[in-house]
Structure formats: C-alpha cells, structure tokens
Amino acid sequence: MSSTLLRTVPALRGALRASGTPKAAGALASTSFVRGKATLPDLPYDYGALEPYISGKIMELHHAKHHQTYVNGLNSALQTIAEAESKGDFTKAATVAPLLNFHGGGHLNHSLFWENLAPASREGGGEPDGALKKAIDTDFGSFDSFRRQMNTALAGIQGSGWAWLVKDKSAGTLGLVTRANQDPVSGPYVPLMGIDAWEHAYYLQYENRKAEYFEAIWNVINWKTVASRFEKA
C-alpha cells in the first residue's frame, strides 16, 4: 500500500475520535467510528436556532444532506479499502485515498464546524475572553485585527474551501490557514475554529454576497467551544 494511504487511514480515525468536546460529548460522540462506521452527529441546537444569521433551511440542507453525503462517502471508502486490503489488492486500496481524504475531511471539518456555532441568544457571538483572548491579542494584535484577517483569508479562497484559526503544536502560537475543498487541518496545527466557505454554507440566503455571510457568522461563533479546544491543544 502507498505510504500516503498508510498514514491517512489511522490519522483520520484518530482525528475523528478526538474531535468532540466536553460540551457536546453526547451529541457529537458519533464523530468517532461506531461499530466501524462514521455517523452523522446530532446538532446541539435546532436548525432555525442560528437565524437570522444562518437560515434554518441552509442548516437543514447543510447538515442533513451535505454532511450526510460525506459520512456515506467516508464509510464507502473505508469499506472499499478494507475489502481491497483483505485481498492484498493494495493498488486498489491506494486509488481510494483521494476519496478518503475528501469525504473523511468533509466529515471531520463539518463535525468541528457545528460545534463552533451557537445561537446568538445563548453562547453565540461576542468576543472570547481569558487565555484565548490573550493569545489572540498577542498573535494578531487585537480581536478586531484577527477578525479582519480571517475574513480576508476567507475572501481569498478560490472556489471551495475553509479558513481556520489554528494553534501550532510546537510553538503554542495562533495562526490562520486555509484549505481547499475538504482538506482537513493536519501536521503541526490543531484546528480551533473554522468557517466553511463552500457555497452550500451560504448561497440560499446570501446568494453571491458571500462577504455578508462572512460578517454575519461571527454573531453565532461559540467562543466557549473554541476556548476549550485552545486550552486542550
């Protein structure tokens, strides 16, 4: 089997197992593999709870249709790889690696994304405090500067992708990275907070005005969840 595939399968399984947070441990336990299969995580809020910033219709389609597609694709890819491995057909297993990356990344990214969000009437919006705020002020100058840089990174994504606030595992510093399509954050970085820049995340409500979506979503960011990831990273 290719070295890429040998790294991808266990790394993906480990990342999915580690992606839950204490706040939503029950609802998002399914980010791990249940009896060998990934499952769609429940949301800790109703589809319409993020309105008016993200419509209930978008949330329903995004979660129940798009995310479910990634779950199905991931399970199919894993099954194909397992069957190929059992037959010693490592060439076939290796050809599935791109699908494993795409659908596995889609499942992982969206599972983290749902945790990033909360209704504005509850934990959503505002600014972080405590150690996370101090780190943002140190590494970006201020929260407003961080927000501007994040929106600039989002606007610069060509086609589909994500922008992430990350923590460098070695240096302990914060930074911003973008990823194309559904490529997950890996290597030296721990993903803390991501914003989905795919059209399916905003188009039904904002059409081609994606900059408005990038501004609106800050009203429903769950900083408690982001701070929990930061402190555990």
Side-chain angles (χ1 to χ4, degrees), residues 16 19-32 34 38-75 103 105-129 132 143 146-147 150-151 153-155 157 159-165 179 181-182 184 191-229:
L16 289 168
S19 63
T21 65
K23 176 180 182 299
L28 290 172
S30 52
T31 31
S32 300
V34 178
T39 58
L40 183 71
D42 295 328
L43 299 184
Y45 41 77
D46 295 333
Y47 286 138
L50 305 184
E51 292 185 344
Y53 307 107
I54 303 178
S55 74
K57 185 62 174 177
I58 283 179
M59 289 298 295
E60 181 177 4
L61 290 172
H62 199 169
H63 176 257
K65 301 298 183 181
H66 290 283
H67 191 168
Q68 184 66 64
T69 297
Y70 299 127
V71 169
N72 295 344
L74 172 58
N75 287 329
H103 291 292
H107 178 42
L108 177 60
N109 290 342
H110 283 87
S111 295
L112 296 174
F113 182 60
W114 307 134
E115 290 183 343
N116 285 348
L117 306 176
S121 60
R122 287 161 46 188
E123 292 91 356
E127 299 183 13
D129 55 20
L132 177 60
F143 177 78
F146 157 65
R147 179 169 161 165
M150 185 75 154
N151 283 358
L154 286 161
I157 294 173
S160 301
W162 294 73
W164 292 92
L165 170 67
R179 293 291 183 267
N181 301 313
Q182 294 296 350
L192 304 181
M193 187 270 284
I195 295 179
D196 189 345
W198 280 65
E199 283 192 347
H200 63 230
Y202 65 85
Y203 197 84
L204 283 178
Q205 183 173 3
Y206 294 96
E207 297 180 333
N208 64 330
R209 306 183 310 278
K210 64 180 180 180
E212 292 183 21
Y213 159 69
F214 297 150
E215 287 292 339
I217 198 170
W218 293 95
N219 292 286
V220 290
I221 295 296
N222 187 341
W223 290 111
K224 289 185 178 180
T225 299
V226 181
S228 177
R229 288 202 198 120

From [X] [atom1] over to [Y] [atom2], what is the distance, rounded to the nearest 0.5 angstrom?
X: Ile217; Y: Leu117; atom1: CD1; atom2: CG; result: 5.5 Å
X: Leu132; Y: Met193; atom1: CG; atom2: CE; result: 9.0 Å
X: Ile221; Y: Glu123; atom1: CD1; atom2: CD; result: 13.0 Å
X: Asn72; Y: Leu40; atom1: CG; atom2: CG; result: 9.0 Å
X: Leu192; Y: Thr225; atom1: CG; atom2: OG1; result: 11.5 Å

Taking side chain as C-beta onward, heavy atoms only, is [X] less than 4.5 Å from [Y]?
X: Trp164; Y: Leu112; answer: yes
X: Leu165; Y: Val226; answer: yes
X: Asn109; Y: Pro184; answer: yes
X: Lys210; Y: Phe214; answer: yes
X: Ile195; Y: Trp162; answer: no
X: Gln205; Y: Tyr213; answer: no
X: Trp218; Y: Met150; answer: yes
X: Glu199; Y: Glu207; answer: no

Tell me whether [X] contacts the main-chain N or O of [Y] through its side chain, where contact means a donor paired with an acceptor under 3.5 Å.
X: Ser228; Y: Lys224; value: no
X: Trp223; Y: Gly124; value: no
X: Asn181; Y: Gly161; value: no

Compare every heavy atom of [Y] with every heavy atom of [X], then report the nearest pair and how far apart it is.
X: Ala163; Y: Leu154; result: CB-CD2, 3.5 Å
X: Asn219; Y: Ala120; result: O-CB, 3.5 Å
X: Gly194; Y: Phe113; result: O-CD1, 3.4 Å

May I have the list of side-chain donor-acceptor pairs in residues 45-60 shorter than 3.5 Å, sequence neighbours left out?
{"unit_1": "Tyr45", "atom_1": "OH", "unit_2": "Trp114", "atom_2": "O", "d": "2.8"}
{"unit_1": "Tyr47", "atom_1": "OH", "unit_2": "His63", "atom_2": "ND1", "d": "2.9"}
{"unit_1": "Glu51", "atom_1": "OE2", "unit_2": "Gly56", "atom_2": "N", "d": "2.8"}
{"unit_1": "Ser55", "atom_1": "OG", "unit_2": "Ile58", "atom_2": "N", "d": "3.1"}

Look at the rings of Tyr70 and His103 and say which category their plane angle falls in: under 30° parallel, 30 to 60° tilted, over 60° perpendicular.
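Tilted, since the angle between the ring planes falls between 30° and 60°.
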Return the set of residues passing side-chain hydrogen bond (donor to acceptor under 3.5 Å, both in side chains) with Glu212 (not counting sequence neighbours), or none when no residue passes.
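If we apply the side-chain hydrogen bond (donor to acceptor under 3.5 Å, both in side chains) test to Glu212, skipping adjacent residues, the hits are Arg209.
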Between Ser111 and His67, is the side chain to side chain contact (heavy atoms under 4.5 Å, CB included) condition met? List the steps.
CA-CA 9 Å; Ser111 295; His67 191 168; 3.5 Å; yes
Ring pair (Phe, Tyr, Trp, His ring centres under 6.0 Å) partners for His200, two or more places apart:
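Here the qualifying residues are His62, His66, His110, Trp198.
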Check Glu115 with Arg229, please: is the shortest side-chain N to carboxylate O separation under 4.0 Å?
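Salt bridge present between Arg229 and Glu115.
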